[in-house]
Amino acid sequence: MKPFLTTFFVLLLNVLVAQQEVFIPPLEAANLAFEKQDYKAALRLFNIAKDKPRGSYKDWMKAAAAAAALDKQGRFGEMIYKALQDDYLSTIVVYDTSRFFANYQSGPYRRIVEAEFKKSLSPQSPIPNHIHRGINSFYVIENYHYKDLVFAAQKAINQANFPLAFSLYRRSLALSEKSPVSLLRAAMAALKTGQPEWAKGYIKKAFLIAPAEAINVLRTDEKLSNYTGDNKFHRLISAEIVKHFPGLDQVLTSEIDDIWNDYTEYRKLFPSQLYQVKNAYTYYSEVADQQFHEQQAKLDTLSVRRITNIFDEAG
C-alpha cells in the first residue's frame, strides 16, 4: 500500500474512533442534562430514549420531574406511566418522597399521578417485578399490588416514616378496605402526619367492618399498642367503642388487657426465643428456662387474685 493511502486510512480510523468516543447515547445524555438542570434538553433526550429497550423507573421519574418543571402535564403523565410499568411501587415512593416532586403533590399533577396509577393496576397492564409476594403473610385479598403496598407501608411504619406509610396505606385501602389492621395503622399514620379527618374515617371503617376484631387489633398489634395512649387517637377510638359497645366498661376492659399481658409475659417466649437459646447454650438455657417459669408463676398468682377481685366486685 502506498504511504499516502496508509496515512489516509489511519487518519480516517482516528476520526471514527474520536466520533465514537464523543457519542453519548440519548439516555445517558438525558441524565447528564437533568443533572445540569437543563430540563428542556433532558426531556427531549428522554423522549428519544423512551422507545429504546433500556432505562428504568429512575430515568422516567427524572423525565417526569423535567416535564413538571417545564409545566408539560401531558408529557409528565406519559413518563409517570412508563415509570409505573417498570416498577409501580418504587415510582410511587419516589413521587411521594423525592424533593423533585415536592411542589407537585396537589392539583393537576396529583390527579395525573392518581389516574396513571389506577391505569397501571388494570388487568391489561404488564405485571412488574414487585418486591414482595407475601409468601409467609395473610392478606384480605389475593392481589399482588395490594400485598406490595401493604408490605411497603408496614416497612415504612417500622422506620417511623409516617408520611410514606400513610401514602402507601391510602393506596392499598383504595384497593380493599376489608382489613381492620391496615385501617387502624393507616389511621395512626394519618394522625402522625396531621391528617385527623383521614384518621377518623379509617377508624370508623375499621369498627364498622368488625368492631370486636378492631378492639382485638388495638390490644395485640405491636405497632399500635405503643400509640393507643395518644390523646387524639384515644378519643377517636373511645368514641367508636362507645358507639358499637354502649355498655362496655372500658376501665374493666383495660384491667383484663393488663391481666392478659401478664399471662403472656413469659409464655410468649416459648418456643421461639427460648428454642434459640437452648440450641446455643444448653446449660444456661436450662437455668433461663427455670427462671422464666418461676417469674411466670408469680405473675399467674397475681393474675388469679386480680380476676377473683373482679368477680367479687362485678358479680
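Side chains included, hydrogens not; waters and symmetry mates left out as well; all remaining heavy atoms used.
Side-chain contact check for S238 versus R235: every heavy-atom pair is 4.5 Å or farther apart. Taking the side chain as every heavy atom from C-beta outward, P163 and D96 never approach each other to under 4.5 Å. By the 4.5 Å heavy-atom criterion applied to side chains, L168 and R170 are not counted as neighbours. Proximity of K204 to L208: side-chain heavy atoms (C-beta onward) are nowhere separated by under 4.5 Å. Y95 places a side-chain heavy atom less than 4.5 Å from the side chain of Q105. Under the 4.5 Å side-chain criterion, counting only non-hydrogen atoms from C-beta, Y88 is in contact with D148. In this structure, the side chains of K50 and L27 stay at 4.5 Å or more apart for every pair of heavy atoms. Residues M61 and K58 are not in side-chain contact: their nearest non-hydrogen atoms beyond the backbone lie 4.5 Å or more apart.
The shortest non-hydrogen separation linking L45 to A30 is CB-CB, 3.6 Å. Closest approach of A190 and A199 over heavy atoms only: CB-N, 3.8 Å. Across all non-hydrogen atoms, the minimal contact from R185 to I157 is O-CD1, 4.4 Å. Nearest heavy atoms, F162 versus A189: O-CB, 3.9 Å. The two residues L89 and A152 have their closest heavy-atom pair at CD2-CB, 3.9 Å. For the residue pair A64 and F76, the shortest heavy atom distance occurs at O-CD1, 3.2 Å.
Under the 4.5 Å side-chain contact rule for hydrophobic residues, L218 and Y169 share a cluster. Connection of L183 to L236 is not established within any shared hydrophobic cluster, with ILVMFWY side chains joined at heavy-atom distances below 4.5 Å, either directly or through further cluster members. The hydrophobic clustering, which links ILVMFWY residues whose side-chain heavy atoms are closer than 4.5 Å, places Y39 and F101 together. Criterion: ILVMFWY side-chain heavy atoms under 4.5 Å apart, direct or through other members. Under it, L173 and L164 are not part of a common hydrophobic cluster. The hydrophobic clustering, which links ILVMFWY residues whose side-chain heavy atoms are closer than 4.5 Å, places L149 and I80 together.
A salt bridge does not link K82 with E78: every distance from a Lys NZ or Arg NE/NH1/NH2 to an Asp or Glu carboxylate oxygen is 4.0 Å or more. Ion pairing between a basic and an acidic side chain is recognised when a charged N comes within 4.0 Å of a carboxylate O; E197 and K200 show no such pairing. The pair E116-K119 counts as a salt bridge, with a side-chain nitrogen and a carboxylate oxygen less than 4.0 angstrom apart.
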request  = Check the pair I237 / I203 against side-chain contact (heavy atoms from CB on, under 4.5 Å), numbers first and verdict last.
outcome  = CA-CA 7 Å; I237 293 296; I203 290 171; 3.8 Å; yes
**Request:** Could you please spell out the steps behind the salt bridge (Lys or Arg N to Asp or Glu O under 4.0 Å) verdict for K118 and E114?
**Result:** CA-CA 6 Å; K118 289 179 181 178; E114 298 300 333; over 6 Å; no
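The distance from atom OH of Y202 to atom CD of E177, rounded to the nearest 0.5 Å, is 7.0 Å. To the nearest 0.5 Å, atom CD of residue Q195 and atom CZ of residue F166 are 4.5 Å apart. Distance check: R75 CZ to L43 CG gives 5.5 Å after rounding to the nearest 0.5 Å. Atom CE of M188 sits about 15.0 Å away from atom NZ of K232, to the nearest 0.5 Å. A distance of 8.5 Å separates OH in Y146 from CG in L175, rounded to the nearest 0.5 Å.
Aromatic pair F100/F34: ring centres closer than 6.0 Å.
Cluster partners of L302, using a side-chain heavy-atom cutoff of under 4.5 Å among ILVMFWY residues and allowing indirect links: none.
N31 is linked by a side chain to side chain donor-acceptor pair (under 3.5 Å) to D59, K62, counting only residues two or more places apart in sequence or in another chain.
Taking the six-membered ring where tryptophan is involved, the planes of Y104 and Y109 are perpendicular, since the angle between them exceeds 60° and thus also 30°.
Applying the side-chain contact (heavy atoms from CB on, under 4.5 Å) test between Y57 and each of D87, I92, L84, V93 identifies D87 as the sole match.
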